[in-house]
Undergrad: 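After the structure tokens below, expect a handful of questions from me.
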Amino acid sequence: KDTRLRTGAALEFTDPGGQERVILLDAGPDLRQQVLASGLERCDAVLLTHNHVDHCFGLDELRRFNVMMGGPIPIYADTPTMRAVRRVYAHIFDRASLKQDSFIATLIPVEIGHYEPFELFGLRITPITLLHGRVPILGYRFEWAPGGRGSAGGVLPLAYCTDVSAIPPETWAHLEGLSVLVLDALRHRHHPTHFTLEQAERVADRVDADRTFYVHMSHDLPHAETQATLPDGRRLAYDGLAVD
């Protein structure tokens, strides 16, 4: 549990029509290894939190999911993130410029706005603003959309908040009534762009979710030793963790 790949997650659920769905939360450089280890066989959509390398430099690997899904895959991001991935992955988003055909991902870019909810496969997804140092990035709140309910175990409502060092006042209302909170907790020492474990604990106290899972830990937080200090209902996440 102290051997850690880059942070990412997959939300697996059954939509109100009975169809199995998988939404990836970020697509970091370790995506291929993570997908093979977890046995994922589909990807219905990708939600990006921001454009840093450790969260989006696995987009090329989505090409295998194109084959498995038999079509393109939508990726959702705010305007700055979408602009950045379009630049880095020009071969994906500007196929006309390619000199020869190649096996590349087929992605549908969908720009989303902060605090502008949208519905996807029966879920109501609200992009929420988090501060990653001075940079506003996205977290996400997931819950069932009105009038439709599938199956996702006991994880909804869920908020996914990685790479955060401060929470704007208007975001707190979107963190109420959670079953699961996933929250950044880098280390004990101060960091300019991530919560320390102690800062994350104070946020968890205020949010008071049924369960809280800390992510994006550095080597400064050994799993067993750190977990022993946490109160009930709070855990360090680890590679391969399944929450239901």
Undergrad: Going by the salt bridge (charged side-chain N to carboxylate O under 4.0 Å, His left out) test, which pairs reach into residues 234-244, not counting sequence neighbours?
TA: Glu201-Arg234, Asp205-Arg234
Undergrad: Distance from Asp60 atom CG to Leu31 atom CG, nearest 0.5 Å?
TA: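 Answer rounded to 0.5 Å: 10.5 Å.
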Undergrad: Within the 4.5 Å heavy-atom criterion, are Glu20 and Ser151 side-chain neighbours or not?
TA: no
Undergrad: Less than 6.0 angstrom from the centroid, inside 45 degrees of the normal: does Arg206 satisfy that with respect to the ring of Trp172?
TA: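 Yes; both conditions hold, so Arg206 lies above the ring face of Trp172.
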Undergrad: Kindly write out the residues that satisfy ring-ring contact (aromatic ring centres under 6.0 Å, His included) with Phe57, not counting sequence neighbours, or none if the list is empty.
TA: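 With sequence neighbours excluded, Phe57 shows a ring-ring contact (aromatic ring centres under 6.0 Å, His included) to no residue whatsoever.
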Undergrad: Would Leu48 and Tyr76 count as a side-chain contact (heavy atoms from CB on, under 4.5 Å) here? Give the steps.
TA: CA-CA 6 Å; Leu48 296 179; Tyr76 295 77; over 6 Å; no
Undergrad: Spell out, as yes or no, whether a donor-acceptor pair under 3.5 Å connects the side chain of Asp26 to the backbone of Gly28.
TA: no
Undergrad: Is there a path of hydrophobic side-chain contacts, each under 4.5 Å between heavy atoms, that joins Leu59 and Val110?
TA: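 Different hydrophobic clusters.
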Undergrad: Does any N or O in the side chain of Arg4 come within less than 3.5 Å of the main-chain N or O of Ser218, such that one atom is a donor and the other an acceptor?
TA: yes
Undergrad: What heavy-atom pair brings Arg86 and Pro109 nearest, and what distance separates the two atoms?
TA: NH2-CG, 3.1 Å
Undergrad: Heavy-atom count around Glu41 CD within 6.0 Å, excluding the residue itself: above 12?
TA: no
Undergrad: Has Ser38 got a side-chain atom pairing as donor or acceptor with Val35's backbone, closer than 3.5 angstrom?
TA: yes
Undergrad: Return the set of residues passing side-chain contact (heavy atoms from CB on, under 4.5 Å) with His188 (not counting sequence neighbours), or none when no residue passes.
TA: Leu197, Glu198, Leu221
Undergrad: To the nearest 0.5 Å, what is the distance between CD1 (Ile75) and OG1 (Thr81)?
TA: 9.5 Å
Undergrad: Please check: side-chain N/O of Asp44 versus main-chain N/O of Val22, any donor-acceptor pairing under 3.5 Å?
TA: yes
Undergrad: Is any side-chain heavy atom of Leu156 less than 4.5 Å from a side-chain heavy atom of Leu123?
TA: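 Heavy-atom side-chain distance check passes, below 4.5 Å.
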Undergrad: Going by ring-ring contact (aromatic ring centres under 6.0 Å, His included), name the residues that satisfy it together with Tyr89, two or more places apart in sequence or in a different chain.
TA: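 In terms of ring-ring contact (aromatic ring centres under 6.0 Å, His included), with neighbours along the sequence ignored, Tyr89 is linked to His91.
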Undergrad: For residues 223-233, which residue pairs qualify under side chain to side chain donor-acceptor pair (under 3.5 Å), counting only residues two or more places apart or in two chains?
TA: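 Checked against side chain to side chain donor-acceptor pair (under 3.5 Å) - neighbours excluded - no pair reaches residues 223-233.
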Undergrad: With a 4.5 Å cut-off on side-chain heavy atoms, are Ile128 and Leu138 touching?
TA: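 Leu138 does not reach Ile128 side chain to side chain.
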Undergrad: Using the test side-chain contact (heavy atoms from CB on, under 4.5 Å), find all partners of Asp210 that sit at least two apart in sequence or belong to another chain.
TA: Ser179
Undergrad: Does Arg42 CZ have over 12 foreign heavy atoms under 6.0 Å away?
TA: yes
Undergrad: Quick test of your reading: applying side chain to side chain donor-acceptor pair (under 3.5 Å), list the pairs with at least one residue in residues 153-165, sequence neighbours left out, ordered by first then second residue.
TA: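 Residue pairs passing side chain to side chain donor-acceptor pair (under 3.5 Å), neighbours aside: His50-Asp163, His55-Asp163, His132-Asp163, Asp163-His216.
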Undergrad: Rest of the hydrophobic cluster containing Val67 (Ile/Leu/Val/Met/Phe/Trp/Tyr, side-chain heavy atoms under 4.5 Å)?
TA: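 Phe103, all in the cluster of Val67.
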Undergrad: Are Ile73 and Leu11 grouped together when hydrophobic residues (ILVMFWY) are joined by side-chain heavy atoms under 4.5 angstrom apart?
TA: no
Undergrad: Main chain of Thr106, side chain of Asn66: is a donor-acceptor contact present, judged purely on distance under 3.5 Å?
TA: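 It does hold such a pair.
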Undergrad: How about Leu183 and Phe213: do any of their side-chain heavy atoms sit closer than 4.5 Å?
TA: no
Undergrad: Kindly compute the distance separating CG (Asn51) from SG (Cys56), expressed to the nearest 0.5 Å.
TA: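 If I round to the nearest 0.5 Å, the distance is 6.0 Å.
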Undergrad: Are Leu130 and Ile112 in one and the same hydrophobic cluster, where Ile, Leu, Val, Met, Phe, Trp and Tyr link if side-chain heavy atoms are under 4.5 Å apart?
TA: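 Cluster IDs for Leu130 and Ile112 differ.
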Undergrad: Would you check if the side chain of Gln199 reaches a backbone N or O of Thr196 as a donor-acceptor pair within less than 3.5 Å?
TA: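 A pair under 3.5 Å: yes.
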Undergrad: Determine whether Gln34 and Leu5 make a side-chain contact, defined as any pair of heavy atoms from C-beta on separated by less than 4.5 Å.
TA: yes
Undergrad: Just how far is it from atom CD1 of Ile23 to atom CD of Glu12, taken to the nearest 0.5 Å?
TA: 11.0 Å
Undergrad: The test is side-chain contact (heavy atoms from CB on, under 4.5 Å); show your working for Leu175 and Ile167 and say whether it passes.
TA: CA-CA 10 Å; Leu175 300 178; Ile167 297 177; 4.0 Å; yes
Undergrad: List the residues meeting salt bridge (Lys or Arg N to Asp or Glu O under 4.0 Å) with Asp94, not counting sequence neighbours, and say none if there are none.
TA: none
Undergrad: Going through the distances and angles, do Phe195 and Tyr214 end up as a ring pair (Phe, Tyr, Trp, His ring centres under 6.0 Å)?
TA: CA-CA 10 Å; Phe195 277 145; Tyr214 296 126; 9.6 Å; no
Undergrad: If you count the non-hydrogen atoms of other residues, nucleotides and ligands that lie under 6.0 Å from CZ in Arg149, is the total more than 12?
TA: no
Undergrad: Hey, mind stepping through Tyr115 and His174 against side-chain contact (heavy atoms from CB on, under 4.5 Å) and telling me if it holds?
TA: CA-CA 9 Å; Tyr115 306 114; His174 298 282; 3.6 Å; yes
Undergrad: Rounded to the nearest 0.5 Å, what separation is found between the OG1 atom of Thr14 and the CD atom of Gln19?
TA: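 One finds 8.5 Å between OG1 of Thr14 and CD of Gln19.
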Undergrad: Can you tell me if His114 and Thr129 form a side-chain donor-acceptor pair at under 3.5 Å?
TA: yes
Undergrad: For the atom pair CG (Leu25) and CG (Leu47), what is the distance rounded to the nearest 0.5 Å?
TA: 5.5 Å
Undergrad: Which is it for Leu24 and Leu40 under the side-chain contact (heavy atoms from CB on, under 4.5 Å) test, yes or no, and what are the steps along the way?
TA: CA-CA 10 Å; Leu24 291 183; Leu40 291 180; 3.9 Å; yes
Undergrad: Should Leu178 and Val203 be regarded as members of a common hydrophobic cluster, given that ILVMFWY residues are connected when their side-chain heavy atoms come within less than 4.5 Å of each other, either directly or indirectly?
TA: yes
Undergrad: How would you list, by chain and number, every residue that makes a salt bridge (Lys or Arg N to Asp or Glu O under 4.0 Å) with Arg6, sequence neighbours excluded?
TA: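 So Arg6 forms a salt bridge (Lys or Arg N to Asp or Glu O under 4.0 Å) with Asp30.
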Undergrad: Please report the closest heavy-atom contact between Leu181 and Ala204, naming both atoms and the distance.
TA: CD2-CA, 4.4 Å
Undergrad: If you take all heavy atoms of Gly122 and Trp144, which pair is closest and at what distance?
TA: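 The answer is O-CE3, 3.3 Å.
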Undergrad: Evaluate the side-chain proximity of Leu131 to Pro136: yes if any heavy-atom separation is below 4.5 Å, no if none is.
TA: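 Touching, per the 4.5 Å side-chain cut-off.
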Undergrad: Side chain to side chain donor-acceptor pair (under 3.5 Å): which pairs involve residues 133-142, sequence neighbours left out?
TA: Arg141-Glu143
Undergrad: Above 12 or not: heavy atoms from other molecules or residues under 6.0 Å from CZ of Arg64?
TA: no
Undergrad: For His191, enumerate each residue passing the ring-ring contact (aromatic ring centres under 6.0 Å, His included) test, keeping only those at least two apart in sequence or located in another chain.
TA: His194
Undergrad: Is there a side-chain contact between Pro127 and Phe118 (heavy atoms, below 4.5 Å)?
TA: yes
Undergrad: Does Leu158 belong to the same Ile/Leu/Val/Met/Phe/Trp/Tyr cluster as Val207, with side-chain heavy atoms less than 4.5 Å apart forming each link?
TA: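 Per the 4.5 Å side-chain linkage, Leu158 and Val207 are not co-clustered.
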Undergrad: Is there a side-chain contact between Pro117 and Ile125 in this structure, where contact means two heavy atoms from C-beta onward sitting under 4.5 Å apart?
TA: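 With C-beta onward as the side chain, the pair stays apart.
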